[in-house]
Protein chains: 2
Amino acid sequence: MRHRHPAQHYISGILTGDRLVLSQAITLVESRRADDQAIAQQVLEAVLAKTGNSIRIGITGVPGVGKSTFIEAFGTYLTSLGHHLAVLTVDPTSQRSGGSLLGDKTRMETLSMNPNAYIRPSPAGDSLGGVAHRTRETILLCEAAGFDTILVETVGVGQSETVVHGMVDFFLLLMLAGAGDELQGMKRGIMELADALVITKADGDNRAAANRARVEYQNALHLFPPTGTGWFPPVLTCSAMPSQGTEPHGIMEVWQLIDEYQQQMTQNGARNRRRQDQQLTWFISLLRQRLEERFYGQPGIRDTLTRLENQVFTGTLLPLQAVDMLLGELSGKH
Amino acid sequence: MRHRHPAQHYISGILTGDRLVLSQAITLVESRRADDQAIAQQVLEAVLAKTGNSIRIGITGVPGVGKSTFIEAFGTYLTSLGHHLAVLTVDPTSQRSGGSLLGDKTRMETLSMNPNAYIRPSPAGDSLGGVAHRTRETILLCEAAGFDTILVETVGVGQSETVVHGMVDFFLLLMLAGAGDELQGMKRGIMELADALVITKADGDNRAAANRARVEYQNALHLFPPTGTGWFPPVLTCSAMPSQGTEPHGIMEVWQLIDEYQQQMTQNGARNRRRQDQQLTWFISLLRQRLEERFYGQPGIRDTLTRLENQVFTGTLLPLQAVDMLLGELSGKH
């Protein structure tokens, strides 16, 4: 998409729910070009009043846990209830191909054909730890376009979960039965951030193990410090795509749970508090990011930094000395 | 302590293990005066080669869990083995009184009289989330003065645990039996950072409950993502100061565990990796801190920031706009 329209084109397109225009606007928002960013900001400002009216759900889990299958079944169920669903995914294997992304269309075949679902993959190359760098803005655009339910999917390794946790109302962690190999690569601390756990693939031979896992995790979660909102993260099981001869189950229950959560948190004010905290955190982290971009963008700094980091790493230079040397060299140069 | 000596006074005093000089040097390191900092940096640089030869242990737990009592018993046991122990504590209730701190001397009466133990309280006023802002440097000074075991105690609420986790080899979480009120105020995610849990006050009527809690927590920890070092955080019970007629127990076992950990992690290289990562993180966070101090130190910025934050908080201003406005106003002024 090399051709750019004036901001008004995107604004009115988004507000009438035009998906093509929405997609173009998201591409603008994701662009690193200054002229694109200028238009993107105008668009975001203009639609701001129409945002916020959705439930934002983060979904994470390690590769192999069945995120795509779960989202297919969960999303299809949500649209059957009349919801308008936007799915923002980061596919680490996807490649940008002439401005559009492949991969996710085939990952979620049914949902991608569904008129009430909108799937927006973002290339992992644009992402920080598996989260597209403009996911927060993309959520706002989708809300302005009339989507009332936003799913943000992350790959479930590294820093991405914490980032996504900071932009959603509800954070869902998908797990497999049996603690072991599948926990490898999962960040420690993430379980305590989850608003609910769902044990996937609870069917066939795996069903008994999934039920045992459910009880074990539920007991474990009771030992965690409280959330401070009166919510006790529950553990469910589900089967989104069982083997032949059995029915999917557990999908409806996940939605009922999230719905109940949403009602409770809206009533007790915790939803608003969480969103306000997220806004402030977003602001502070953007400001920090901008200050660091300015700093690290100075000529020659990378080489000096690498040299000092090596000395700090091996313990031959104190961090405070290294900082003084770095700032000293820079102020000497300019 | 208004009188300052030249750096060499502190350097030779520390290297000969003079506690009075060590205390003066820590005060220098903690000082925010530029001239003090200049001497402190010289001292740190000069003793750097003599640092690192200790095991650094972080101890945390909510108020009431019995941290002081545990440290008294644990520290006394360590000195009976011939160890030289430094205890760095942050007492949120302590007040600076003419340059020295009261409170901790009475909190750990036996240990404070022990010639092989050195207790250094830091006032909470100087601290970030309950950790003295120069605890990392204080660890180095204590190591250079010949202490082979460093305990860093935190209050167990807020951000302090994460900070302390980033400066120790072993992170010990003290807990009470029975999940409930005592978990209030504990930061979520902290349990997954612990290298071991110890259930305190496992005596008298509480002993059975403590043993049940031990099993429950042990089961829960098995469900956590692995540490990546081959270490599986165990759960122990202890009684540091039982009621009359029974003996303290469990203290020796905690030390055996830490000793075993230290040997394993030294052999498999995880100890060095953890320390190197900590050095780099310390450097990056100091650099960030310095950049932010410069930025937030600009005249007039606080008012503008507060105004923008309020708008961001209520959702009437996009964070990215707020950042642009803030940086725009500043560059316009200067």
Side-chain angles (χ1 to χ4, degrees), chain A residues 37 41 44-45 48-49 51-52 136-137 140 179 183-193 213 216-217 219-228 275-277 279-280 282-292 295 308-309 312-324 326-327, chain B residues 37 41 44-45 48-49 51-52 136-137 140 179 183-193 213 216-217 219-228 275-277 279-280 282-292 295 308-309 312-324 326-327:
Chain A
Q37 277 303 311
Q41 283 307 308
L44 282 162
E45 285 169 40
L48 187 58
T51 65
R136 282 189 179 87
E137 285 89 345
L140 297 178
L183 291 171
Q184 299 289 342
M186 191 185 281
K187 191 169 139 59
R188 285 175 75 84
I190 203 65
M191 279 181 58
E192 290 177 64
L193 290 181
E216 285 172 0
Y217 279 112
N219 289 339
L221 293 185
H222 278 303
L223 299 170
F224 283 179
T227 57
R275 286 203 172 177
Q276 288 174 340
D277 287 347
Q279 287 286 108
L280 263 192
W282 179 15
F283 172 53
I284 299 298
S285 76
L286 269 178
L287 181 57
R288 170 176 288 172
Q289 200 180 308
R290 195 70 74 84
L291 292 176
E292 293 187 353
F295 179 74
L308 293 173
E309 275 181 349
V312 167
F313 191 71
T314 53
T316 52
L317 183 67
L318 280 165
L320 201 55
Q321 279 174 274
V323 170
D324 283 340
L326 184 64
L327 297 179
Chain B
Q37 275 304 309
Q41 283 307 308
L44 281 162
E45 287 170 39
L48 187 58
T51 64
R136 282 190 178 87
E137 285 88 345
L140 297 178
L183 290 172
Q184 299 289 343
M186 192 185 281
K187 192 170 139 59
R188 285 176 75 84
I190 203 65
M191 279 180 58
E192 291 178 63
L193 290 180
E216 286 173 359
Y217 279 112
N219 289 340
L221 293 185
H222 278 303
L223 299 170
F224 282 179
T227 57
R275 285 203 173 176
Q276 287 174 341
D277 287 347
Q279 287 285 109
L280 264 192
W282 179 14
F283 172 53
I284 299 298
S285 77
L286 269 178
L287 182 57
R288 169 176 289 172
Q289 199 179 308
R290 196 69 75 84
L291 292 176
E292 293 186 354
F295 179 75
L308 293 173
E309 275 180 351
V312 167
F313 190 72
T314 54
T316 53
L317 183 67
L318 280 165
L320 201 56
Q321 280 175 274
V323 170
D324 283 340
L326 184 63
L327 297 179

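A note on names: the letters A, B, ... follow the listed sequences, proteins ahead of strands, and every chain is numbered from 1. Excluded from the calculations below are hydrogen atoms, water molecules and symmetry mates; all remaining heavy atoms, backbone and side chain alike, are included.
- One distance of note links CG of B:Leu223 with CG of A:Leu221; it measures 9.0 Å at 0.5 Å rounding.
- The CG atom of B:Leu317 sits 8.0 Å away from atom CG of A:Leu48, with the distance rounded to the nearest 0.5 Å.
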Assess whether side-chain contact (heavy atoms from CB on, under 4.5 Å) is satisfied between A:Gln276 and B:Phe313, documenting all intermediate values.
CA-CA 5 Å; A:Gln276 288 174 340; B:Phe313 190 72; 3.3 Å; yes
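- Annotation for B:Pro225 and A:Met191: closest pair CD-SD, 4.1 Å, computed over non-hydrogen atoms.
- The contact between B:Ile284 and chain A is made entirely by side chain atoms (from C-beta outward), counting heavy-atom distances below 4.5 Å.
- Listed by chain and residue number, B:Glu45 satisfy the side chain to side chain donor-acceptor pair (under 3.5 Å) test with A:Gln321 (two or more places apart in sequence, or in another chain).
- Both the backbone and the side chain of A:Leu286 have a heavy atom closer than 4.5 Å to some heavy atom of chain B.
- In this structure, B:Glu292 CD and A:Glu292 CD are separated by 7.0 Å, a value rounded to the nearest 0.5 Å.
- Options A:Val323, A:Leu193, A:Leu308 differ in how many heavy-atom pairs under 4.5 Å they form with chain B, and the most are formed by A:Val323.
- One distance of note links CG of A:Asn219 with CD of B:Glu216; it measures 7.5 Å at 0.5 Å rounding.
- Residues B:Leu140 and A:Leu318 form a side-chain contact, since some pair of their non-hydrogen atoms from C-beta on lies under 4.5 Å apart.
- Remark: B:Ile190 CD1 to A:Glu192 CD distance equals 8.5 Å, nearest 0.5 Å.
- In this view, A:Asp277 satisfies the side chain to side chain donor-acceptor pair (under 3.5 Å) rule with no residue, not counting sequence neighbours.
- Comparing B:Leu326, B:Thr227, B:Thr51, B:Thr314 by heavy-atom pairs within less than 4.5 Å of chain A, the highest count is held by B:Thr227.
- Between the CZ atom in A:Phe295 and the CZ atom in B:Arg288 there is a gap of 12.0 Å [rounded to 0.5 Å].
- For B:Thr316, the part lying near chain A is the backbone, with the side chain staying farther off; criterion is any non-hydrogen pair under 4.5 Å.
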I would like to know whether A:Glu137 and B:Leu320 meet side-chain contact (heavy atoms from CB on, under 4.5 Å); could you show each step before the answer?
CA-CA 10 Å; A:Glu137 285 89 345; B:Leu320 201 56; 4.1 Å; yes
